[in-house]
There are 2 protein chains.
Amino acid sequence: MTTAAVAAADVAAVASLLGDPTRAAFCLALLDGRAWTAGELARLAGVSPATASGHLDRLVRGGLLAEERQGRHRYVRLAGPDAAHVVEVLASSTRPAAPRNSYAAVRAGAGLAAARTCYDHLAGRLGVGVLDALDQRDYVSRADGIAMTASGAVWLASLGVDVDGIRRAHRPVVRLCLDWTERRSHLAGGVGAALAAVFFERDWIRRADGRAITVTDAGRTGLQRELGLAIG
Amino acid sequence: MTTAAVAAADVAAVASLLGDPTRAAFCLALLDGRAWTAGELARLAGVSPATASGHLDRLVRGGLLAEERQGRHRYVRLAGPDAAHVVEVLASSTRPAAPRNSYAAVRAGAGLAAARTCYDHLAGRLGVGVLDALDQRDYVSRADGIAMTASGAVWLASLGVDVDGIRRAHRPVVRLCLDWTERRSHLAGGVGAALAAVFFERDWIRRADGRAITVTDAGRTGLQRELGLAIG
DNA sequence: CGCACAGTTCGGCGGCGGCCGAAGTGTCAC
DNA sequence: GTGACACTTCGGCCGCCGCCGAACTGTGCG
């Protein structure tokens with residue numbers, strides 16, 4: 001019981017970080033994987049800079065966020081894949097049955113719904129499209145669950161991805177992540193992150209305003225060639 | 001921003017349920033998948049019945065717990081796989097590197113470490129062993145990620161499991177769940193639950209005191225035959 | 001019926017925590 | 001240097017929430 005009590009306190013400590021609407025709003029915004037400034041987050045959540053500052057202290061101290069100070073700016077981002085995962089799970093647990101193509105999608109705007117980042121991987125129609133394409137080419141097996149296939153590993157290596165490095169990392173190699181706008185899963189985990197990184201590196205995708213991303217002409221060609229994926 | 005604010009409030013509502021040490025203790029206890037009475041939980045967490053009653057109200061109202069009244073008892077259990085998953089993720093996020101074979105394992109006692117339930121599936125050495133065996137027999141593919149194979153589906157069907165039913169359910173077919181005592185993953189998701197159910201049904205395993213389970217002689221034989229799994 | 005027991009309701013206490021405005025610190029631009 | 005700006009610190013206000021004991025409801029048992 002002593003050990004149970006200790007564990008409960010630890011769980012409560014993390015949960016209570018996300019148990020405040022303002023802090024939850026911060027973390028949801030940070031789910032896009034970018035670093036935000038304290039002021040941006042304050043404006044987003046509708047609180048004063050003073051209030052935001054305090055919240056950020058707690059989130060950083062609690063290990064959920066990492067910060068970087070640059071000049072007069074305080075940049076803050078999710079501390080890592082684990083932290084992102086916690087936020088993700090909590091967020092998706094609260095939207096069990098939002099009607100498709102409504103509200104979220106409309107408000108999100110065409111750009112966000114088309115392609116965006118979700119922490120360190122791809123989301124939106126692009127994200128689910130990539131996963132579908134990987135499945136179709138048998139690079140992942142997702143009839144029941146999700147796993148990378150041998151041919152998938154070969155293909156990733158051909159793109160220059162360090163597959164063994166991903167396997168050694170303390171992180172699931174592949175994982176499903178529920179897409180807000182599409183209501184279907186996209187690819188997360190080490191491979192999801194690596195894929196997004198490769199796409200950025202090759203300039204197949206670029207950050208647009210906010211968390212949206214756009215597919216470049218090179219991206220259209222590349223995605224068509226590598227994955228048979230046609231981007232509207 | 002309006003929609004973002006709404007979402008943040010929802011996330012915060014769920015998180016704050018687990019953001020209290022007493023409620024967190026309740027939910028961790030309930031992770032064993034059984035129904036507990038209000039009094040048991042109160043004693044476990046070291047609070048008065050009055051306090052526990054209030055907490056249970058909130059947890060039920062928040063959708064994390066389901067309750068069943070029987071006579072003068074209030075039985076309460078995790079509302080479903082989603083709720084269990086949230087608790088699981090939060091719990092495993094707080095124990096990043098507990099030294100193996102220490103504390104938790106010792107305190108847990110030989111029984112718990114050997115075999116127990118984790119929500120609706122198997123955990124402990126038995127749980128981890130089953131997953132290893134499934135992997136070895138190629139019933140699941142878990143080189144990178146986790147997915148059920150075609151031969152795995154056939155095998156499950158031969159045990160009388162309704163595989164198509166599992167596939168249709170709103171729940172991951174297979175999922176990994178980090179084992180507290182073993183520090184390795186065991187099998188969760190629809191298949192993990194079905195497997196545990198089959199084992200109970202065939203009387204291969206039985207509930208012992210608390211959340212621990214014991215393997216019967218029939219279980220030893222069956223596990224050896226079906227999975228080549230030798231139980232110490 | 002009377003007692004024991006599980007759980008609930010109520011009232012009240014105490015503290016934590018979120019919020020702000022105002023003042024202060026440090027950075028950048030000119 | 002001067003002013004704009006990003007953020008922090010401080011003080012104080014307010015409300016919520018966790019806790020309990022005591023009284024109450026309802027069930028089970030003899």
Side-chain angles (χ1 to χ4, degrees), chain A residues 1 4-6 8-30 34-62 64-77, chain B residues 1 4-6 8-30 34-62 64-77:
Chain A
M1 198 222 98
V6 169
D10 292 346
V11 169
V14 175
S16 67
L17 288 177
L18 291 164
D20 171 79
T22 302
R23 286 194 296 267
F26 287 5
C27 292
L28 288 176
L30 290 166
R34 298 184 306 155
W36 291 53
T37 65
E40 287 169 339
L41 291 172
R43 244 168 293 128
L44 171 89
V47 295
S48 75
T51 301
S53 180
H55 282 310
L56 292 179
D57 284 346
R58 294 191 54 173
L59 287 165
V60 169
R61 194 140 21 89
L64 226 48
L65 301 188
E67 70 181 359
E68 229 161 307
R69 312 248 174 175
Q70 251 174 53
R72 55 183 168 182
H73 293 283
R74 178 190 204 174
Y75 283 99
V76 88
R77 54 184 167 74
Chain B
M1 202 224 92
V6 169
D10 293 345
V11 169
V14 176
S16 67
L17 287 178
L18 292 164
D20 171 78
T22 302
R23 286 193 297 267
F26 287 6
C27 292
L28 287 176
L30 292 166
R34 298 184 306 153
W36 292 53
T37 66
E40 287 169 339
L41 291 172
R43 244 168 293 126
L44 170 90
V47 296
S48 74
T51 302
S53 179
H55 282 311
L56 292 179
D57 285 345
R58 293 191 55 173
L59 287 165
V60 170
R61 193 141 20 90
L64 226 49
L65 265 44
E67 68 180 2
E68 229 162 307
R69 311 249 175 176
Q70 249 175 53
R72 53 184 170 181
H73 292 284
R74 179 190 204 175
Y75 283 99
V76 89
R77 54 183 167 74

Can you tell me how far [atom2] of [N] sits from [atom1] of [X], to the nearest Å?
X	N	atom1	atom2	value
B/L41	C/dT8	CG	P	11 Å
A/Q70	D/dC5	CD	C1'	16 Å
B/L18	D/dC17	CG	P	15 Å
B/L59	D/dG18	CG	P	10 Å
B/L56	D/dC19	CG	C1'	15 Å
B/W36	C/dA6	CH2	P	16 Å
A/H73	D/dT8	NE2	P	12 Å
A/E68	D/dA6	CD	C1'	17 Å

| field | B/D20 side chain reached by B/H55 side chain, heavy atoms, under 4.5 Å | value | yes
| query | With a 4.5 Å heavy-atom cut-off, do A/V76 and A/L59 have their side chains touching? | reply | no
| request: Determine, for nucleotides 16-21 of chain C in 5'-to-3' order, which nucleotides have protein heavy atoms under 4.0 Å from the base (write B), from only the sugar-phosphate (write S), or from neither (write -). | output: -SSSBB
Which heavy atom in [X] sits nearest to a heavy atom in [Y], and how many Å separate them?
X	Y	answer
B/C27	B/L64	SG-CD2, 4.3 Å
A/L56	A/A38	CD1-CB, 3.6 Å
A/W36	A/A29	NE1-O, 3.6 Å

| task | Please check the phosphate of D/dA6 (OP1 and OP2 only) for any side-chain N or O of A/R74 closer than 4.0 Å. | result | no
| Under 4.0 Å between a side-chain N or O of A/R43 and OP1 or OP2 of D/dA6? | no
| request: Could you grab the distance from atom CZ of B/R74 to atom CD of B/E68, nearest 0.5 Å is fine? | output: 12.5 Å
| query | To the nearest 0.5 Å, what is the distance between OH (A/Y75) and CZ (A/R34)? | reply | 10.5 Å
| Looking at D/dT8, D/dG26, C/dG7, which one has an atom nearest to any side-chain atom of B/T37? | C/dG7
| request: Could you please name the option among C/dG7, D/dC7, C/dG26 that lies closest to any side-chain atom of A/R72? | output: C/dG26
